[in-house]
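Below is one structure, written out as structure tokens; comments come after it.
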Amino acid sequence: MGDIIHNLHTRLAEVRALVSLSQTTLAGKMGVSPSLISHWEKGTRTPSETQLLDLARHLGITLDYLLNSEIRPSFQCRARVTSPQRDAIDQTLLDASMQVHAVDTAYRLAGKIPQPFILRADFGSTEALPSVTSHLRDTLKLNRRVTLDELKQALSEWNIFVFDWAMPRDLSGVSFRGAFSAIFINHLQPPTRRLFTLAHEFAHVVFHLGRDNAAGKDRMETQVSIASHRDPLEKQANAFASEFLMPRSDLEALVAKHKDRLRDPAMLEAVARNFNVSRDAIFYRLTQLEFFRWSDKSAYFGGTYPLPDAPRVRVAECKNIDSQVDARFRDTALSLYQEEKISTGKLAEWFFTPRHVVEEYLAELRQSKEQVISDEPAQNHEGEAAGVA
Amino acid sequence: MDSLVFDTSALLNFGHRGDLAALLKKLSSEYKYFTTPGAQAELTDPERKQFYTAFLREYFTVQSATTPQFDLPTLARLARILDPGEITVLTLAREIKGIAVLDEKAARREAGLLDLRFTGTLGLLHQGLQRKWFTDAECLARVVKLCDARFAIPRPTVGQSFTDYFAVLK
């Protein structure tokens with residue numbers, strides 16, 4: 001703890017750089033002099049509680065994240081993003097970083113350590129991809145047809161935390177690998193696309209992240225996936241997700257069986273549903289198999305997904321705790337709450353959820369527990385309830 | 001005159017959950033009421049925004065502490081387990097030497113560790129009973145109302161008096 005506090009000044013500078021605020025801008029927002037910010041970052045003066053809370057508010061973070069910085073994700077946004085998406089994406093990365101921190105804090109408070117994800121593989125050649133993918137599918141104990149919930153559950157069992165957040169429209173997913181692993185997918189996208197993104201981010205975790213020395217005990221390496229960019233690692237992740245969800249051999253069998261009937265849009269839709277992917281995904285996959293040509297696309301697709309814009313600050317507001325918050329993290333946090341180690345407000349902060357939503361959720365949990373207790377049949381062990389009656 | 005510094009849970013309990021404005025009016029002869037911008041920010045329900053704006057305006061002074069009260073290691077510990085509303089309430093209560101009104105057990109435990117005076121909604125209701133502003137049955141009816149409004153306290157058992165209920169909880 002001492003080191004953490006000792007490093008408040010460096011932490012402050014780190015977070016300020018992360019949100020791209022100059023000392024002058026931050027000082028202007030807080031109504032203090034830029035030299036005071038400079039003193040705080042040099043460690044020659046220390047902010048008061050009110051100033052710290054004000055700092056956290058203007059940096060768009062929690063006080064906990066500012067003061068207790070054991071886990072420090074490193075952000076490497078690989079794509080060029082044009083304004084105004086840039087601000088929203090930066091804020092989302094900060095939110096994701098805070099969520100990673102909250103997971104770490106919750107586990108420490110619970111006396112547990114989040115386990116690292118242990119699998120790692122080399123991407124190798126495209127020809128080897130079917131066997132690598134098949135091996136990973138077997139390891140995760142998944143069928144050849146996977147749903148979003150099944151993949152979330154399987155990754156959770158393999159110590160990858162999955163959060164299903166509202167995020168800016170151009171941001172499909174974010175993945176971390178370090179002391180533990182976490183994946184964030186965009187809840188505003190349809191389930192088929194979220195499934196593809198989850199498989200894509202899983203590929204980053206398996207093939208790409210945590211390979212340099214910076215990622216380790218207290219440093220999380222990050223991959224940020226932005227729609228439509230040309231990074232080779234993104235292409236590898238797409239190739240893996242395609243093979244993972246739509247195995248080449250299965251599609252080749254389908255093509256051999258149905259031939260030109262697959263060109264019927266209704267048939268294509270049915271095949272997409274069968275693999276739990278979008279029509280776009282199945283079209284691209286069949287194009288890779290040279291069944292379609294790229295120029296056929298206009299005959300099948302008229303536009304893009306109509307995605308709503310996410311709010312700009314604390315973009316990751318969850319309204320459905322059960323489906324959007326990682327189940328293991330949720331249960332750990334709820335245990336801490338039930339053991340009275342944290343408050344309702346802290347739970348709301350960790351779940352990125354408005355307080356009144358958390359209160360409703362907790363009330364429903366209590367109600368369902370009371371219901372279970374009242375529905376349980378009377379104990380009838382030897383010499384107990386029945387004998388007394 | 002002593003000061004009471006209300007956290008969000010207590011604001012909600014005196015507000016729409018328990019409808020305890022009458023108790024606030026009675027107690028105002030003995031206490032000044034405060035809350036903090038941090039606690040106010042957690043009144044997030046859009047359907048009750050207007051109600052709480054008026055409620056705070058009528059009864060409370062909303063302010064922050066102006067001087068540092070805790071060292072950084074203490075603040076770091078508080079930040080791990082409490083939300084900003086609770087932290088600012090503890091800070092203000094220490095600065096103005098007031099009594100923190102906390103209904104969250106984690107926050108009450110920290111207040112105890114910091115040697116701060118604290119009470120809660122039921123404690124203030126008990127004061128109302130001791131001063132004979134309310135009957136035992138009226139206090140019990142308020143507890144049932146809080147339970148119905150989903151405040152996480154045990155529901156009184158049939159035939160239990162408020163005095164007994166409060167003694168058990170205490």
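Reminder, nothing fancy here: chain letters follow the sequence lines and each chain counts from 1. Everything numeric in this text was worked out from a predicted model, so none of it was measured.
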Counting neighbours of CD on B:Q130 that are heavy atoms of other residues, nucleotides or ligands and sit closer than 6.0 Å, is the number greater than 12?
yes
Over all heavy atoms of both residues, which pair between B:A106 and A:I342 is shortest? Give the atoms and the distance, please.
CB-C, 3.7 Å
With only heavy atoms counted, which part of B:R155 is less than 4.5 Å from chain A, the side chain, the backbone, both or neither?
neither
How long is the gap from CD on A:E359 to CZ on B:R17, to the nearest 0.5 Å?
4.5 Å
Which region of B:A152, side chain (C-beta onward) or backbone (N, CA, C, O), has a non-hydrogen atom less than 4.5 Å from a non-hydrogen atom of chain A, or is it both or neither?
both
Any idea which of A:S48, A:S343, A:P47 has the most non-hydrogen atom pairs under 4.5 angstrom with chain B?
A:S343
dist A:H356:NE2 -> B:E47:CD (nearest 0.5 Å) comes out at 7.5 Å
Residue part contacting chain B, namely of A:L63, when any heavy atom lies under 4.5 Å:
both
Distance from B:R80 atom CZ to A:L336 atom CG, nearest 0.5 Å?
12.0 Å
With chain A as the partner, which of B:Q69, B:E110, B:R48 has the greatest number of non-hydrogen pairs under 4.5 Å?
B:Q69
Is A:E49 paired with B:R94 through a side-chain N to carboxylate O contact shorter than 4.0 Å?
no
Heavy atoms only, distances under 4.5 angstrom: which of A:T46, A:L347, A:T50 has the most pairs with chain B? Name it, please.
A:T50
For the residue pair B:A79 and A:N68, what are the closest heavy atoms and their distance?
CB-ND2, 4.3 Å
Option that, when pairs with chain B are counted at under 4.5 Å, heavy atom only, ranks first among A:L362, A:T105, A:T344
A:T344
Other residues, nucleotides, ligands: >12 heavy atoms within 6.0 Å of A:K112 NZ
yes
Flag yes if more than 12 heavy atoms outside B:L113 fall under 6.0 Å of its CG atom; otherwise flag no.
yes
With only heavy atoms counted, which part of B:E42 is less than 4.5 Å from chain A, the side chain, the backbone, both or neither?
both
Which atoms of B:I87 are under 4.5 Å from chain A, going by heavy atoms: the side chain, the backbone, both sets, or neither?
side chain
At a 4.5 Å cut-off on heavy atoms, which part of B:R109 comes close to chain A: side chain, backbone, both, or neither?
side chain
Looking only at the side chains, is there a donor atom on one of B:S9 and A:R355 sitting less than 3.5 Å from an acceptor on the other?
yes
Check whether B:L92 gets within reach of chain A through its side chain, its backbone, both or neither, counting any heavy atom under 4.5 Å.
neither
CZ (B:R150) and CD (A:Q367) are apart, to the nearest 0.5 Å, by 5.0 Å
